[in-house]
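Below, read A as the first sequence line, B as the second, and so on, with proteins coming before strands; counting in each chain starts at 1. Hydrogens, waters and symmetry mates play no part in the numbers below; they use all other heavy atoms, side chains included.
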Number of protein chains: 2
Amino acid sequence: MIFSSELIKGTLKTIVLKLLSDNKKMYGYEITQRVKDLTGDRIQLTEGALYPTLHSLEEEGLVTTELEYMGKRVRKYYKLSASGKTRSKERVSELAEFMETMRVLLDIQPKIA
Amino acid sequence: MIFSSELIKGTLKTIVLKLLSDNKKMYGYEITQRVKDLTGDRIQLTEGALYPTLHSLEEEGLVTTELEYMGKRVRKYYKLSASGKTRSKERVSELAEFMETMRVLLDIQPKIA
DNA sequence: TACAATGCATTGGATTCTTATGTATCTTTG
DNA sequence: CAAAGATACATAAGAATCCAATGCATTGTA
């Protein structure tokens, strides 16, 4: 089952920030694949959503970029800035609280880990 | 803490459907207050978001409406149709799965209920 | 050699929400 | 009793966010 896109809304930035906080640096395509892998194909980021998000994070100063050349192919790596690291923690914990609130609101039983 | 609005995106319809599945009938203002209560003021639905959503659910045939007069004041009650009940269950379980996926992706520890 | 995968990116459109506004009634408080 | 707040409906303009489609180019594979 692939989740209907509406659910992704509002969580994309948090996903990206979290991944970047766990990895020194990542490039766009890598992020899409990592999310695909980690979610068992259930979340597939589209490029039309991801790249504007990455650019937006850069404009906000939360990530910095560096180009790397693999032969003739260019990779644009993104890494968290200091403020990005802080923001990442904030976003993740806010989402955690939100999910807990939604769990109560929707009377959803938590899975036993 | 009131959640940043982006997080609510995509979950509003599910919230409304779930509340209606737990209550025979509800009216708009009641829904906003119920959500406010159930979430300890953390989620506050705006009318500009709620009413279009309710109208949309009606157009989709997921809810039916009936007017009730309290003196001169009108209340518009919404109740789930048969297809609405089905959709409600689908939406809630989809959101539950999505949340579980996000929990794994973001490495969020579940609270012990 | 064609096709799939990798890798960047933009554009147009749809959807969804916020903010602001409007109307009207009922209740509480100074 | 008047004013303010709560109750109750609703719409409109604009912002934000995402998807689908498209484009370009390189690399690997059947």
Derivation of the side chain to side chain contact (heavy atoms under 4.5 Å, CB included) call for Glu60(A) and Lys13(A): CA-CA 12 Å; Glu60(A) 293 178 66; Lys13(A) 242 174 194 171; 2.8 Å; yes
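- Contact annotation for Gly48(A): base contact, defined as any heavy-atom pair under 4.0 Å involving a base atom.
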Under 3.5 Å, which protein N or O atoms sit close to an N or O of nucleotides 28-30 of chain D? Give each pair with its distance.
none

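- Using a 4.0 Å heavy-atom distance criterion, Glu47(A) is classed as a base contact.
- Between Arg42(B) and Glu97(A), none of the side-chain N atoms (NZ, or NE/NH1/NH2) sits under 4.0 Å from a carboxylate O, so this pair counts as no salt bridge.
- For the pair Lys13(B) and dT15(C), the criterion of a side-chain N or O lying under 4.0 Å from OP1 or OP2 is not met.
- No side-chain heavy atom of Lys76(A) sits less than 4.5 Å from a side-chain heavy atom of Glu66(A).
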All N/O contacts under 3.5 Å from nucleotides 26-28 of chain C to the protein, with atom names and distances to one decimal?
unit_1, atom_1, unit_2, atom_2, d
dC26(C), OP1, Lys72(B), N, 3.2
dC26(C), O4', Arg73(B), NH2, 2.8

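- At a cut-off of 3.5 Å, with distance as the only test, a side-chain donor of Thr65(B) or Glu58(B) sits close to an acceptor on the other residue.
- More than 12 heavy atoms of other residues, nucleotides or ligands shown are found within 6.0 angstrom of NZ on Lys25(B).
- A 4.5 Å side-chain heavy-atom check between Lys36(A) and Ile43(A) finds every atom pair outside the cut-off.
- Looking at the side chain of Arg75(B), the nearest of the listed nucleotides dA10(D), dA8(D), dC17(C) is dA8(D).
- Residues Tyr77(A) and Lys24(A) fail the side-chain proximity criterion, which asks for heavy atoms closer than 4.5 Å.
- Applying the 4.0 Å criterion to OP1 and OP2 of dC8(C), one finds that His55(A) has every side-chain N and O outside that range.
- Within the 4.0 Å cut-off from OP1 or OP2 of dT18(C), not a single side-chain nitrogen or oxygen of Lys9(B) is found.
- In terms of phosphate contacts, Thr46(B) brings a side-chain nitrogen or oxygen within less than 4.0 Å of OP1 or OP2 of dT18(C).
- In this structure, the side chains of Leu80(B) and Ser88(B) come closer than 4.5 Å at one or more pairs of heavy atoms.
- For Tyr51(B), no side-chain nitrogen or oxygen approaches OP1 or OP2 of dA10(D) to under 4.0 Å.
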